[in-house]
Amino acid sequence: MKKLKVDQTTTLLYQVIMKAMNSSSRPTGGWSQGLLAAMNNPEVVIDSDDQLVVIKDKYPKALFHFLVLPKRNIPNLKSLTQKDLELLKHIHKKGEEIANRANKELRFRLGYHAVPSMSHLHMHVISQDFNSPCLKNKKHWNSFNTHYFIDSVDLIREIEKTGHWKSDQAEMNAFLKKDLRCHVCKEVFQTIPSLKAHISLHDVTKHHDSSSS
DNA sequence: GTTCTAGAAC
DNA sequence: GTTCTAGAAC
């Protein structure tokens, strides 16, 4: 068989598969419902209780990257009220526990993406090394290192104060387009590879004075 | 959320 | 020529 023919067949086959995978009409709901599937998959759940589930992020953007999800379906940040405060605090506490269990030296951040791609409210628990082959593009970086990433403590404080979370979606998405800036020293880089090479030199352990490096 | 790839950037 | 990004995926 001619090589060209094989390539064409492969491409076609791929396209058919991708179409099936992405279809929102399939029973499981497609990729945006992936967390619901993960929550109910014992193979990826690392912890749970009556109110929440903890899973490992399927494409970790750092050495340690977990998601804490409420069992009760909460679609997004907008749907939170003061009635959810206890749950939010419980999720936060579990996140701290998971981080401490994973690695006691590394600095972690606990928080939410302003405009998440995946359905079902989920709090990221992510170590600040950002040392991962899955971290590939500007959106990945900026979603964890701009105000697009909402610290769990800030969210809880806002819900306590105003009873809800309100943010402009277009404004939030604009953060994803910002310059690539080192989260430790704030230096700007032109490419993802140069940024990643740079951040690998920073000490991101707890109690380390980052202003001196 | 990822994959893939055209073409921009170097 | 190679690296890297950015947008489509019906």
Side-chain angles (χ1 to χ4, degrees), chain A residues 3-41 43-46 53-70 73-79 91 95 109-127 130-150 167 169-183 187-200:
Chain A
K3 193 176 183 189
L4 181 62
K5 173 105 182 185
V6 172
D7 289 346
Q8 285 171 339
T9 305
T10 305
T11 302
L12 204 66
L13 189 62
Y14 167 76
Q15 285 171 346
V16 169
I17 291 167
M18 284 304 284
K19 184 176 171 181
M21 298 276 286
N22 286 329
S23 174
S24 55
S25 62
R26 55 200 275 270
T28 48
W31 61 262
S32 66
Q33 298 302 317
L35 293 180
L36 192 63
M39 280 173 76
N40 295 306
N41 179 0
E43 290 182 22
V44 300
V45 172
I46 63 163
V53 174
V54 184
I55 62 175
K56 286 179 82 161
D57 193 290
K58 191 175 180 182
Y59 299 92
K61 304 303 187 293
L63 254 28
F64 303 98
H65 187 183
F66 309 97
L67 303 178
V68 187
L69 308 94
N73 181 46
I74 300 175
N76 49 52
L77 296 174
K78 286 197 300 287
S79 55
I91 288 170
R109 279 184 79 187
L110 282 56
Y112 301 80
H113 281 158
V115 189
S117 298
M118 308 288 274
S119 296
H120 210 109
L121 191 76
H122 54 283
M123 185 186 75
H124 293 268
V125 178
I126 184 165
S127 58
F130 295 106
N131 173 6
S132 165
C134 297
L135 200 163
K136 294 177 175 177
N137 58 47
K138 180 176 270 193
K139 176 170 180 173
H140 291 156
W141 180 258
N142 282 338
S143 72
F144 289 103
N145 292 290
T146 66
H147 292 306
Y148 189 95
F149 189 87
I150 299 153
S167 68
Q169 189 162 316
E171 185 188 337
M172 289 298 126
N173 281 326
F175 281 118
L176 299 177
K177 311 259 190 189
K178 297 241 179 235
D179 287 344
L180 296 171
R181 194 174 287 275
C182 171
H183 61 320
E187 183 176 350
V188 172
F189 291 84
Q190 294 305 314
T191 68
I192 289 288
S194 62
L195 172 70
K196 292 183 80 170
H198 168 84
I199 60 176
S200 71

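Only a predicted model underlies this, so the values are computations on that prediction, with no experimental measurement involved. Every chain is numbered from 1, with letters handed out A, B, ... down the list of sequences.
The closest donor-acceptor contact from the side chain of A:S127 to the backbone of A:F64 lies under 3.5 Å. The main-chain N or O of A:K139 is found under 3.5 Å from a side-chain atom of A:N137 such that the two form a donor-acceptor pair. Side-chain atoms of A:N142 come within 3.5 Å of backbone N or O of A:K178 as a donor-acceptor pair. Of the possible polar contacts, none joining the A:N41 side chain to the A:A37 backbone as a donor-acceptor pair under 3.5 Å is found. Judged by distance alone, with hydrogens and angles left aside, the side-chain atoms of A:K196 form a donor-acceptor pair with the main-chain N or O of A:S132 at under 3.5 Å.
Taking atom CD1 of A:I192 as the reference point, atom C1' of B:dC10 lies 17 Å away to the nearest angstrom. Note: CG (A:L67) to C1' (B:dG1) measures 11 Å, nearest angstrom. Here B:dG1 presents its P atom at 9 Å from CG of A:L35, a figure rounded to the nearest Å. One can place OH of A:Y59 at 6 Å from C1' of B:dT2, the figure rounded to the nearest angstrom. Atom P of nucleotide B:dG1 and atom CG of A:N173 are separated by 11 Å, given to the nearest angstrom. For the pair A:L135 CG and B:dG1 C1', the interatomic distance rounds to 14 Å; values are reported in whole Å. A:W31 has its CH2 atom 11 Å from the C1' atom of C:dA9, to the nearest Å. When the P atom of B:dA8 is taken as reference, atom CG of A:N137 falls 20 Å away, rounded to whole Å.
Here A:H140 reaches the OP1 or OP2 of B:dT2: one of its side-chain N or O atoms lies under 4.0 Å away. A:H113 has a side-chain polar atom (N or O) that falls below the 4.0 Å cut-off from OP1 or OP2 of B:dG1.
Between A:H65 and A:F144, the distance from one ring center to the other falls under 6.0 angstrom.
Heavy atoms of A:K139 sit under 4.0 angstrom from primed sugar atoms or phosphate atoms, though from no base atom. Residue A:P193 is classed as a sugar-phosphate contact, given heavy-atom separations below 4.0 Å to backbone atoms only. Using a 4.0 Å heavy-atom cutoff across all strands shown, A:S32 reaches no nucleic acid atom at all.
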Exercise. Dot-bracket notation for DNA chain C is requested: 5' to 3', Watson-Crick or G-U wobble pairs only, both distances under 3.5 Å, with ( ), [ ], | and . as defined.
Key: |||||||||.
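For A:K138, counting side-chain heavy atoms from C-beta on, the closest listed nucleotide (C:dA6, B:dG1, C:dT5) is C:dA6. Listed nucleotides C:dG7, B:dG1, C:dT5 differ in distance to A:K177; the shortest reach to its side chain belongs to C:dG7. Distance from the side chain of A:K136 is smallest for B:dT3 among the nucleotides B:dT3, C:dC4, B:dG1.
Relative ring orientation between A:F149 and A:H113 is described as perpendicular, the plane-to-plane angle rising above 60° on a 0-90° scale split at 30° and 60°.
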